[in-house]
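This report refers to the structure that appears directly beneath it.
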Amino acid sequence: MNDGKATNGAAGAKKRFMYVNRKAPYGTIYALESLEVVLISAAFEQDVSLAFLDDGVYQLTKGQNTTAIGMKNFSPTFKALGDYEIKKLYVEKESLDERGLAPEDLMQITYEDEDEDYAEKPLIHIVSRSELTEILARQDVLFNF
Amino acid sequence: MPTLHTINKSPFERSSFASALNHLLPGDALLMIEDGVVGARKSSAFAGRLEAAAKTCRVYVLGPDLAARGIAEKDVVAGATLVDYGGFVDLVTGHDRTQAWL
């Protein structure tokens with residue numbers, strides 16, 4: 001009916017999707033469910049980023065050992081996000097501070113930048129609360145976990 | 001007749017942790033489990049309240065839940081004792097009642 005509309009419609013549009021993570025892992029299922037949806041979304045070639053604030057920052061702590069609680073430690077999965085073209089993980093600095101955490105307490109997560117001779121670059125960006133507020137405001141779609 | 005208080009929610013997410021602290025009697029025991037262990041991290045905004053409670057009550061943290069969240073033993077507030085699941089059971093049987101602050 002309208003070829004122009006079809007090509008410019010939802011199928012061709014690239015949107016900014018942000019996954020907002022505010023819960024600690026393991027106590028509830030939110031963190032794992034978010035990661036599952038993020039991985040699914042990677043198949044749709046959208047501009048995907050993740051935000052970690054409040055207790056969500058605990059999803060990225062290094063040294064997680066879930067052996068004794070009998071649950072799967074899914075934190076290593078975050079290290080695969082770069083391979084799915086998901087390269088922006090924003091962590092709110094104030095949330096770390098309030099919890100006695102420092103950036104050094106988080107996992108080292110990198111991706112290989114194919115545009116720069118596969119240089120290893122960090123996926124995690126520590127941002128202030130006001131910076132994160134602005135990043136949120138730039139998104140087309142927000143998914144909240 | 002001491003009471004065991006268990007807390008399984010982060011103090012940063014719910015008011016139940018604060019409610020637990022507000023209802024502790026001297027000699028009671030407080031046990032942090034599940035997301036409640038987030039409150040045991042030293043130098044957090046909540047640590048001062050927990051350290052104050054530890055002066056009149058016994059404070060325990062479930063080690064397996066700390067480990068799952070990447071919180072090292074050395075990073076737990078002063079005055080808190082780590083227990084395993086066996087220690088959890090001992091605390092329950094060693095008190096007259098358990099108040100679970102869900």
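Everything quoted here is computed from the prediction, not taken from an experiment. Values reported hereafter were calculated over all heavy atoms of this structure, with side chains retained and with hydrogens, waters and symmetry mates removed. Letters A, B, ... mirror the listed sequences (proteins, then strands); counts begin at 1.
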Practice task
Please check if Tyr60(B) and Phe46(B) belong to a single hydrophobic cluster, counting links between Ile, Leu, Val, Met, Phe, Trp and Tyr side chain heavy atoms closer than 4.5 Å.
Solution key: yes
Problem - Gap between atom CG of Asn65(A) and atom CG of Leu66(B) - 0.5 Å precision - result: 11.5 Å
Fill in the blank from the handout: Here the gap from Leu101(A) atom CG to Asp75(B) atom CG, rounded to the nearest 0.5 Å, amounts to 8.5 Å
Problem - Over 12 foreign heavy atoms within 6.0 Å of CD, Glu120(A) - result: yes
Problem - Same apolar cluster: Phe143(A) and Leu81(A), side chain cutoff 4.5 Å - result: yes
Exercise for the section: Using non-hydrogen atoms and a 4.5 Å limit, figure out which bit of Ile71(B) sits close to chain A: side chain, backbone, both or neither. Expected result: side chain
Exercise for the section: Consider only side-chain heavy atoms of I, L, V, M, F, W and Y, link residues closer than 4.5 Å, and tell whether Val127(A) and Phe52(A) are in one cluster. Expected result: no
Practice task
Mind ranking Ala68(B), Gly70(B), Gly36(B) by heavy-atom pairs under 4.5 Å with chain A and telling me who comes out on top?
Solution key: Ala68(B)
Handout entry: Part of Asn73(A) within contact of chain B (heavy atom distance under 4.5 Å)
Key = neither
Problem - Check: Ser44(B) main-chain N/O paired with Arg99(A) side-chain donor or acceptor under 3.5 Å - result: no
Handout entry: More than 12 heavy atoms from other groups under 6.0 Å of CZ on Phe74(A)
Key = yes
Handout entry: Heavy-atom pair with the smallest gap, counting every atom of Asp35(B) and Pro25(A)
Key = OD1-O, 3.5 Å
Practice task
Take atom CD of Glu131(A) as the centre, draw a 6.0 Å sphere, and report whether it contains more than 12 heavy atoms from other residues, nucleotides or ligands.
Solution key: yes
Exercise for the section: Find out if a path of hydrophobic residues (ILVMFWY) with successive side-chain heavy-atom gaps under 4.5 Å connects Val92(B) to Leu62(B). Expected result: yes
Practice task
May I ask you to establish whether Arg69(B) and Tyr26(A) are in a cation-pi arrangement, using a distance under 6.0 Å from NZ or CZ to the six-membered ring centre and at most 45° from the ring axis?
Solution key: no
Fill in the blank from the handout: Between the CG atom in Asp105(A) and the CZ atom in Arg41(B), the distance rounded to the nearest 0.5 Å is 5.0 Å
Practice task
Flag the pair Tyr58(A) / Val38(B) as yes when at least one side-chain heavy-atom distance between them is below 4.5 Å, and no otherwise.
Solution key: yes
Exercise for the section: Return the option, out of Gln64(A), Lys62(A), Lys23(A), with the maximum number of heavy-atom pairs under 4.5 Å with chain B. Expected result: Gln64(A)
Practice task
Could you tell me whether Lys93(A) atom NZ has more than 12 heavy atoms of other residues or ligands within 6.0 Å of it?
Solution key: no
Handout entry: Trace of the side-chain contact (heavy atoms from CB on, under 4.5 Å) decision for Tyr85(B) with Ile69(A)
Key = CA-CA 9 Å; Tyr85(B) 287 107; Ile69(A) 64 167; 3.4 Å; yes
